[in-house]
Every structure is written in structure tokens, then in C-alpha cells.
There are 2 protein chains.
Amino acid sequence: MNIGQAAKASGVSAKMIRYYEQIKLITPAGRTDSNYRSFSEREVNELRFIRRARSLGFSVEEIAHLLSLWRDRVRPSREVKAIADGHVQTLEAKIVEMQAMADTLRALSRDCAGDERPDCPILADLGSGQPPRREPAPARGFR
Amino acid sequence: MNIGQAAKASGVSAKMIRYYEQIKLITPAGRTDSNYRSFSEREVNELRFIRRARSLGFSVEEIAHLLSLWRDRVRPSREVKAIADGHVQTLEAKIVEMQAMADTLRALSRDCAGDERPDCPILADLGSGQPPRREPAPARGFR
DNA sequence: TTGCGGCTTCCCATCATGGGAAGGTCAAGG
DNA sequence: CCTTGACCTTCCCATGATGGGAAGCCGCAA
């Protein structure tokens with residue numbers, strides 16, 4: 001199986017396969033006499049693992065760790081769970097951040113006429129020298 | 001006002017100010033005899049505008065557009081709103097995507113013992129050759 | 001005058017991905 | 001046996017926004 005077939009079979013582009021090999025995420029594939037890479041079914045499975053992990057947002061570094069645990073028959077599931085939970089936290093933090101951005105923008109956009117006139121609360125906000133948006137007094141009562 | 005003071009006053013690092021100048025997001029600041037950049041209050045205000053826009057997640061390209069509208073006294077607010085709404089959509093799409101990742105991972109993690117034993121549904125999923133996760137039959141009844 | 005802190009430019013690194021060039025290889029069909 | 005087209009190889013470059021750091025110039029204070 002050469003790189004194109006491995007790419008199709010795994011869903012990882014040939015470019016990325018070479019890259020993963022270069023950064024030592026995967027062990028270098030064998031080579032044919034003519035220097036073509038040759039992939040075994042096992043290696044294709046690793047590529048599928050990587051593609052799936054990437055699609056869940058894991059970084060390459062995290063995937064390196066996950067792969068080593070996957071290969072380790074006596075890994076403690078505690079370690080796997082820790083990586084997953086850590087990543088979930090990262091995701092949640094980003095989601096919260098983006099949600100805040102979107103909420104602010106929706107509020108500004110709601111009050112913008114969106115017609116031919118130049119008046120615009122969005123530009124007014126951006127130009128107002130607003131500090132990085134600290135919560136506008138968190139409405140005592142949520143605690 | 002030299003670059004350090006402008007940085008403090010605007011909240012944009014000196015590094016970034018030079019970068020914004022280089023990519024022509026802002027007009028090159030004037031120079032003193034000794035080649036130091038010199039910033040006016042007006043330029044500092046532009047930097048604050050940029051910092052605020054960045055904090056709302058706008059790309060530099062979008063900010064270039066927003067800045068030109070800001071400077072244009074007869075802009076149609078429609079254009080500003082379009083940029084903002086477009087960005088909100090981008091944010092929402094990313095949020096949905098990350099939410100899906102987090103949901104999947106939380107479900108997998110929930111079923112993982114997280115102890116010394118090697119059995120782990122997280123690794124099982126990653127190693128299962130799962131295709132990029134199409135919804136597992138969307139449970140008719142939510143419409 | 002010395003010394004420290006700030007300024008200048010220039011280069012490098014990040015993270016994961018793609019584009020493209022130049023050249024070698026393989027298989028099918030003439 | 002040779003051509004052709006599709007594949008493979010390596011190498012370099014670009015992305016977006018940011019920071020780190022080196023080498024060298026400048027300005028102010030003691």
C-alpha cells in the first residue's frame with residue numbers, strides 16, 4: 001500500500017502523512033526498492049486513529065500521548081481520561097470565550113439599523129476605547 | 001508619544017503595532033530625527049479600535065474593512081452590520097463544532113472508569129475507524 | 001562619560017495544513 | 001521497446017497573529 005492508497009483508506013492526506021512522519025508522530029513507513037513508502041494495515045489503522053482524534057480537536061501533542069497509551073496494553077484508563085477531560089476543559093473555555101464575543105456582537109448588531117445611514121453602535125463601541133470588556137457589573141443575585 | 005507609550009496607552013503590544021504597520025493595517029507612524037516612531041492621539045485611538053475589534057474575534061482583514069468604514073463619515077451602517085453579522089455566523093459555526101466535539105468527548109469520558117484498568121471507551125472510539133462522526137440518527141421527534 | 005532602558009531592524013518559532021516545482025517510477029497501450 | 005499519464009519523492013513557501021531574541025543605535029540621568 002503506497003501513500004496515496006493509505007491516504008484514501010485512512011482519510012489523512014498524503015501531505016499530512018509525510019508531516020506526521022517527519023514530526024515523529026508515527027514511525028517512518030517502510031520503503032520499497034524505488035523509495036516509495038509502504039504502509040501496512042496496522043499503520044493505516046494508526047492513521048485512522050489520528051484522523052479521528054484530530055476531528056475531536058486533539059492537538060498533535062495530545063495525540064502522541066493518546067497513541068502511546070493506545071499501544072500500551074497495560075495503560076491505566078485514568079491517563080486517557082485525564083487527557084480527554086483536559087481537552088474538554090480547553091474546548092469549554094474557548095466556547096465560553098466565543099459565546100461572549102457572539103453575545104456582545106449580537107447585542108450591538110441588534111441596535112444597528114443596517115441601512116444607508118452612517119450611525120452605527122457597532123463602530124461606536126469599537127471606537128469608544130472600551131477596555132477589553134470586563135463584565136458590566138455581574139448582576140448580584142447569581143451567587 | 002513613542003511606541004512604548006502608545007502600546008501602554010492602547011493595550012496593543014509594540015510588536016503588534018509594528019506588525020500592523022508592516023501589513024498596512026495602519027498608516028506608518030511618523031518618525032523622529034532619530035528614527036523613532038511617533039504616535040498622535042488619533043493613531044492611538046485607531047490602535048484601541050483594533051484592540052477592541054481583535055478582542056471580539058475579528059480578523060485583521062475584517063478590521064481593515066471596519067477601520068475604513070469608521071473613517072468614512074458617510075458609510076452605510078448596513079455594511080458595518082454585514083461584517084458583524086458575518087463574523088457572528090463564523091463564531092456560531094465554530095461554537096457548534098466545538099460543542100459537538102465536547103459532547104462526544106464528555107459521553108466517552110463518562111463511560112471511562114478512569115482507574116488503573118486499561119479498558120477505555122475513549123481509546124476504543126478512536127481506534128474503531130469511526131468515520132468523522134455523522135450524527136448517530138438524529139432521533140426524530142425534535143422537530 | 002557611563003550606564004540603563006527603550007528604540008530600531010531582522011530572523012526565527014509557533015500549529016496544522018496546503019500549494020507547487022523538479023525529478024524519479026510504474027503500468028498500460030501502442 | 002517506448003511513450004504517456006498518474007503516481008511518488010524531496011524541498012521550499014505560505015497561511016494568521018503573536019512572541020522571543022539578537023545586534024546595534026539613542027536618550028536621559030547621575
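Reminder, nothing fancy here: chain letters follow the sequence lines and each chain counts from 1.
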* Stepwise salt bridge (charged side-chain N to carboxylate O under 4.0 Å, His left out) check, A:Arg48 with A:Glu41 -> CA-CA 10 Å; A:Arg48 276 195 271 256; A:Glu41 196 52 46; 3.0 Å; yes
According to a strict under-4.0 Å criterion, is [X] in side-chain N/O contact with OP1 or OP2 of [N]?
{"X": "B:Tyr19", "N": "D:dG19", "answer": "no"}
{"X": "B:Arg18", "N": "C:dC11", "answer": "no"}
{"X": "A:Tyr36", "N": "C:dG24", "answer": "no"}
{"X": "A:Ser59", "N": "C:dC15", "answer": "no"}
{"X": "B:Asn2", "N": "C:dC7", "answer": "yes"}
{"X": "B:Ser13", "N": "D:dG19", "answer": "yes"}
{"X": "B:Arg54", "N": "D:dT18", "answer": "yes"}

* Asked: Do NZ/NE/NH1/NH2 and the carboxylate oxygens of B:Glu46 and B:Arg42 come within less than 4.0 Å?
  -> yes
I need the [atom1]-[atom2] distance between [X] and [N], as an integer number of Å.
{"X": "B:Glu61", "N": "D:dT15", "atom1": "CD", "atom2": "P", "value": "12 Å"}
{"X": "B:Ile17", "N": "C:dG6", "atom1": "CD1", "atom2": "P", "value": "15 Å"}
{"X": "A:Asn35", "N": "D:dC7", "atom1": "CG", "atom2": "P", "value": "19 Å"}

* Asked: Are any side-chain N or O atoms of B:Gln89 and backbone N or O atoms of B:Gly86, one a donor and one an acceptor, separated by less than 3.5 Å?
  -> no
Name the pairs: protein N/O against N/O of nucleotides 2-4 of chain C, kept only if under 3.5 Å.
none

* **CG-CE distance between A:Leu25 and A:Met16, expressed to the nearest 0.5 angstrom** => 11.0 Å
* **Spacing of OG belonging to A:Ser38 relative to CD belonging to A:Gln5, to within rounding of 0.5 Å** => 9.5 Å
* To do: Could you check whether B:Tyr20 gets within reach of a base, just the sugar-phosphate, or nothing at all, counting any heavy atom under 4.0 Å?
  =>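 The answer is sugar-phosphate, as B:Tyr20 gets under 4.0 Å only of primed atoms, P, OP1 or OP2.
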* Where each residue is assigned the nucleotide of DNA chain C containing its nearest heavy atom, which of A:Asp33 and A:Lys15 is assigned the position nearer the 5′ end? ->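 With A:Asp33 and A:Lys15 compared, the 5'-side residue is A:Lys15.
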* To do: Work out which heavy atom in A:Ser77 is nearest to a heavy atom in B:Ala113; give both atom names and the distance.
  =>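 Minimum heavy-atom contact is OG-C, 4.1 Å.
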* Between B:Ile63 and A:Leu126, is any pair of side-chain heavy atoms under 4.5 Å apart? -> no
* Name the closest nucleotide to the B:Arg37 side chain, picking from C:dT9, C:dA16, C:dG18. => C:dT9
